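Here's the structure, in structure tokens; my notes come after.
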Amino acid sequence: MLGEIIINDLHNNTLNFTFAMVKWYDYCESDNNEDLEIYGCPQLLMLKSYDIILLDSITYGIHIIPRFHKENRFLMNRNIF
């Protein structure tokens with residue numbers, strides 16, 4: 001959770017909006033004979049963009065594993081869901 005906004009309207013009703021900051025990733029494209037998937041997990045690149053969205057709009061989370069020996073390479077773990 002990034003933050004919360006609480007609004008009181010004219011009828012004294014309280015509205016809560018909870019926000020999250022989301023970091024975006026994209027699938028890697030094929031280059032230099034490197035596999036697009038490793039152990040059944042697709043490779044990802046971290047993008048340079050963030051968004052702030054309503055927490056209730058998130059459908060599900062994913063598990064991202066950094067590849068420490070590769071710059072800007074991650075794996076999306078499909079095997080835990």
Side-chain angles (χ1 to χ4, degrees):
M1 178 175 80
L2 177 66
E4 184 174 24
I5 296 176
I6 301 171
I7 300 172
N8 290 321
D9 65 9
L10 296 174
H11 303 289
N12 217 13
N13 296 324
T14 303
L15 303 170
N16 291 332
F17 298 99
T18 306
F19 295 91
M21 185 171 70
V22 176
K23 179 70 175 153
W24 295 108
Y25 295 82
D26 198 4
Y27 293 102
C28 289
E29 294 182 12
S30 179
D31 61 282
N32 299 339
N33 297 329
E34 191 170 12
D35 293 331
L36 295 178
E37 289 192 2
I38 298 174
Y39 307 116
C41 300
Q43 289 198 65
L44 303 175
L45 293 172
M46 184 170 28
L47 302 177
K48 294 182 180 181
S49 63
Y50 295 88
D51 279 321
I52 296 176
I53 62 172
L54 286 172
L55 190 62
D56 293 339
S57 69
I58 298 174
T59 305
Y60 57 89
I62 61 170
H63 183 219
I64 296 177
I65 305 163
R67 297 189 65 203
F68 295 108
H69 61 287
K70 299 274 187 174
E71 185 176 333
N72 194 18
R73 293 294 172 126
F74 301 84
L75 296 175
M76 180 174 62
N77 188 354
R78 292 182 179 166
N79 301 314
I80 64 169
F81 299 109

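Predicted, not measured: the structure shown is a model, and the values here were computed from it.
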**OP:** Sequence neighbours left out, what passes salt bridge (charged side-chain N to carboxylate O under 4.0 Å, His left out) with K70? Give chain and number order.
**Re:**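 Listed in chain order: E34.
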Subject >> Pairs touching residues 48-60 that satisfy salt bridge (charged side-chain N to carboxylate O under 4.0 Å, His left out), sequence neighbours left out >> reply: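 Listed by first then second residue: nothing to list.
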Subject >> Side-chain touch R67/H69, heavy atoms, less than 4.5 angstrom >> reply: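 With C-beta onward as the side chain, the pair touches.
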Original post:
Which atom names give the shortest non-hydrogen contact between A20 and I58, and what distance separates them?
Top reply: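 Where A20 meets I58 most closely, the heavy atoms are CB-CD1, 4.1 Å.
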**OP:** Grab the two heavy atoms, one from L45 and one from R73, that are nearest each other, plus how far apart they are.
**Re:**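 Reported closest heavy-atom pair: CD2-NE, 3.7 Å.
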If I take atom [atom1] from residue [X] and atom [atom2] from residue [Y], how far apart are they, to the nearest 0.5 angstrom?
{"X": "M46", "Y": "E71", "atom1": "CE", "atom2": "CD", "result": "10.0 Å"}
{"X": "I53", "Y": "M21", "atom1": "CD1", "atom2": "CE", "result": "11.5 Å"}
{"X": "N72", "Y": "L44", "atom1": "CG", "atom2": "CG", "result": "9.5 Å"}

Original post:
To which residues is I38 joined in a hydrophobic cluster, defined by side-chain heavy-atom contacts under 4.5 Å among Ile, Leu, Val, Met, Phe, Trp and Tyr, whether direct or through other members?
Top reply: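 When side chains under 4.5 Å apart are linked, the cluster holding I38 also contains Y39, I65, L75.
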**OP:** For side-chain contact (heavy atoms from CB on, under 4.5 Å), just list the numbers for L54 and F19, CA-CA rounded to whole Å, side-chain angles, deciding distance to a tenth of an Å, and then say yes or no.
**Re:** CA-CA 5 Å; L54 286 172; F19 295 91; 3.7 Å; yes
Subject >> For P42, side-chain contact (heavy atoms from CB on, under 4.5 Å) partners two or more places apart >> reply: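 P42 satisfies side-chain contact (heavy atoms from CB on, under 4.5 Å) with Y27, E37, M76, R78 only.
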Subject >> Set of residues satisfying side-chain contact (heavy atoms from CB on, under 4.5 Å) with respect to T59, sequence neighbours excluded >> reply: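 If we apply the side-chain contact (heavy atoms from CB on, under 4.5 Å) test to T59, skipping adjacent residues, there are no hits.
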